[in-house]
Each structure stands twice: as C-alpha cells, then as structure tokens.
Protein chains: 2
Amino acid sequence: MTSPSATPGPRYQALLQLLRTADTLWNASRVFFARWNLSPSQFNVLNLLYDQPKGCSQIKLGRLLVMHRSNVTGLVDRLEARALVCRRDNSTDRRAFNVMLTPAGKKLIRQIQPHYHKAAAEVWGGLPLKRANQLVAELIAVSANAECIAERVST
Amino acid sequence: MTSPSATPGPRYQALLQLLRTADTLWNASRVFFARWNLSPSQFNVLNLLYDQPKGCSQIKLGRLLVMHRSNVTGLVDRLEARALVCRRDNSTDRRAFNVMLTPAGKKLIRQIQPHYHKAAAEVWGGLPLKRANQLVAELIAVSANAECIAERVST
DNA sequence: AGTAGATTGTCGATATGTCAACAATGATTT
DNA sequence: AAATCATTGTTGACATATCGACAATCTACT
C-alpha cells in the first residue's frame, strides 16, 4: 500500500525523466547539427533569424532564445566570423545592431530544415495528435509553476 | 482542414515546448539552489552520493549524471574545496577514486532535501497520478528515439 | 535644454559542458 | 611474462551560459 500523496513518487519521477529527456534531446541535436558544424544554439539563432527578414536586435534574440544578452554577443560573433550572419547598424537606435542572415546563412538554413523537421517528427514516433496537444498543455503548466517557484524564491 | 501528418504541427510544438520547459526547470532550480550556494549539477552530485554510502568512482558519477568524465573532475574539485565531498583512494583500482560525501556534505543534503521534494511536487500542480505515469512512459520513448537518431547520424 | 533613469551591447570572471590527448593502471591475449 | 588493448582521471582548448560592471545611447521628466 502506497501512501496516497508520497512526496517522491511518480510525479517526482516525471520531473527527473523530463530533465533527462531534454538532456538527451539536446545531446542528440548536438550530434545532429555537427554535420553542418553548428551547435544547437547556433542553429536556433539561424532558425529564428530566418523568420525575421528585417533582422533582430541582440536583446530580442536573447529573449526569444531565453538567454542572457551577454551570451548573444559571442554566439553572433562566431556566426558572423563564418559569414552566416551580419550585424547592421540600426538607424533608429544607435545602441542596437540589426542581426540578420547573410545569403550564405539563408542557404544553409534552407538546406538543414527538411532534415531537421524529419528528425523532429521521428522523435515522437506514433504519438497521437491528441496526446501531443495534451502534452504541450501539461508542459506549459509545468513551466509556469517552475517560473512561479523561482520568482517566489528569489524575492 | 489540417493535413493529417503535416511535418511541423503539434508534435513539433511538443518538442520545442519540452526543451523550453526543461530549460525553465533548470533555470528555476539554479535560482532555487542558489540559497545554498550550489549549482543544479552540484546538487545532483551530492544527491546521488547520498544514495551511495560506499562512494562512487568519477566515471560512474559521470554516467549517472549523463556527463563526460572530464566534467566530473572540476565538479568534484569545487565540491572538495568546500569540503562537501572527498576523494578516497580505491583499494581495488588504483586508477579510480572513491568520491563520497563528507559529514558536512551529508548534513547539507539532508537540510535541502525536504525543500527540494516540496518544490518538485509543486511543479506538477494537480497532475493526476495516471497522467504522470503516462508522461514518464512517453518521455522515455522520446529519449530512446532521440538516442537512436543520434547514433544513426554519428555512425 | 538638462538631468535622471532605463536599455543595449561588450567585457571579465566564473561555472558548466564537450572533445582529444596523455599518463597511469587494469584486463586480456598470446 | 610480455605485449596489447581498454579504462580512469586530468589537462588544455574551446563553446555555452550566467552575472555584474561599464560606456554609449535612448527616454522621460523637470
């Protein structure tokens, strides 16, 4: 007989498995993108910029990628060194850059995307649509709870 | 009318949301453990060692934490410098150390665990047990698929 | 206009993570 | 026993991530 609300239990297992799965996914994506000599984060930058033809400030990039400004600097530096991305002056705000894909960057991301979407679909195997939607909802709830806890602690 | 097997779709959203949620959880845990001046990885080391009273080699620690040996070196270094962990010679294998908790380390982990379990439970809110178990099963399947893809690519 | 406060990007310090290479040791094979 | 191969931990080079401090700039208010 198990106590009806034992603390560790299945919910705790779910938490551990969630983190572990994400780690596995991230590592798999590292292996996956290595073919094009890109890190997952670098791919994310290119992928995001692909949807922003007018370019994007670094702080906005950081917000979309959920990372600190200071990290965007180096990420963009390395992509710029490979001419996949360029920094253009922003005419309306002289503090900010406009980061955008170069033609080479566009070409690369177009080349990768079909492989990426195929792999992403495979990862879920035969998960029914209904379950996928339910899962997204649950994960969003978890995110919200975690953020709430973090906020409560830091204040 | 949506196409029955469009590539991005809800499964793709689920993938993104999964990574995002894990990132949020990890960040929340960083804030959470900062109270004790620990990183999430450092906590994981202590937490693992708590269940291994006889100690653990660094390579085994790395496997349990899903990280490379070389990373364990620094992690243990920093915990050792704070006297939360110690390296003892392994009598049967002179290559390996036996990493174990010091009394101070045991004391710290015992102090943290109740807060940790409470927060971990809160994260799931009112998720029914049945759903939690289903989730774990789905996440394990995803892990396996991801690892399979990575292996296929790297070979 | 001028000043005070917020925002943007960079830098340095530090932690976390990878990989390849190395020395020391263990395990196996001949 | 000797040689070969595998494993353990460390190191160095690097990418990724955080934070705090800083200069330049924008914004708002007096």
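Just so it is clear, the values below take in all heavy atoms, side chains as well, and ignore hydrogens, waters and symmetry mates.
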Side-chain N or O of A/Arg30 versus OP1/OP2 of D/dT16: is the shortest distance under 4.0 Å? no
Let's see if you can work this out: which of D/dA17, D/dG9, D/dT16 has an atom nearest to the side-chain heavy atoms of B/Gln58? D/dG9
So do the side chains of B/Val72 and B/Met67 get within less than 4.5 Å of each other, counting heavy atoms only? yes
Rounded to whole angstrom units, what separation is found between the CH2 atom of A/Trp26 and the P atom of C/dG17? 13 Å
Counting heavy atoms from C-beta on, name the nucleotide in D/dT10, C/dG9, D/dA17 closest to the side chain of A/Thr73. C/dG9
A/Ile59 has an atom CD1; how far is it from atom P of C/dT8, in whole Å? 4 Å
Does a donor on one side chain sit under 3.5 Å from an acceptor on the other, for A/Arg20 and A/Gln17? no
Side-chain touch B/Phe97/B/Ile59, heavy atoms, less than 4.5 angstrom: no
Measuring to OP1 and OP2 of D/dT16, would you say a side-chain N or O of A/Ser39 lies under 4.0 angstrom away? yes
Tell me what A/Ser70 touches on the nucleic acid: a base, only sugar-phosphate, or nothing, going by heavy atoms under 4.0 Å. base
For B/Leu61 and D/dT10, what is the distance between atoms CG and P respectively, to the nearest whole Å? 12 Å
Nucleotide nearest B/Arg63 (side chain, heavy atoms from C-beta), chosen from C/dT10, D/dT8, D/dA17: D/dT8
Protein-nucleotide distance (B/Asn98, atom CG; D/dG9, atom C1'), rounded to Å: 14 Å
May I ask you to test the A/Lys118-B/Ile149 pair for a side-chain heavy-atom distance under 4.5 Å? no
How many whole angstroms separate atom CG of B/Asn90 from atom P of C/dA24? 19 Å
One character per nucleotide, please: for nucleotides 21-26 of chain D, 5' to 3', B when the base has a protein heavy atom closer than 4.0 Å, S when only the sugar-phosphate does, - otherwise. ---BBS
Verify the contact: side-chain N or O of A/Arg87 to OP1 or OP2 of C/dT10, cut-off strictly under 4.0 Å; return yes or no. yes
The side chain to side chain donor-acceptor pair (under 3.5 Å) partners of B/Arg87 (sequence neighbours excluded) come to B/Gln58, B/Asp77, B/Glu80
Candidates D/dA17, C/dT18, C/dG17 - which lies nearest the side chain of A/Met67: D/dA17
Could you state the atom-to-atom distance from CZ of A/Arg78 to C1' of C/dT18 in whole Å? 13 Å
Check the distance between D/dG9's P and B/Glu80's CD and give it to me in whole angstrom. 13 Å
Grab the CG-C1' distance between A/Leu75 and D/dC14 for me, whole Å please. 14 Å
According to the interplanar angle, ranging from 0 to 90°, do the rings of B/Trp36 and B/Phe32 count as parallel (below 30°), tilted (30 to 60°) or perpendicular (above 60°)? perpendicular
Side-chain heavy atoms of B/Trp26 within contact of B/Pro40, under 4.5 Å: yes
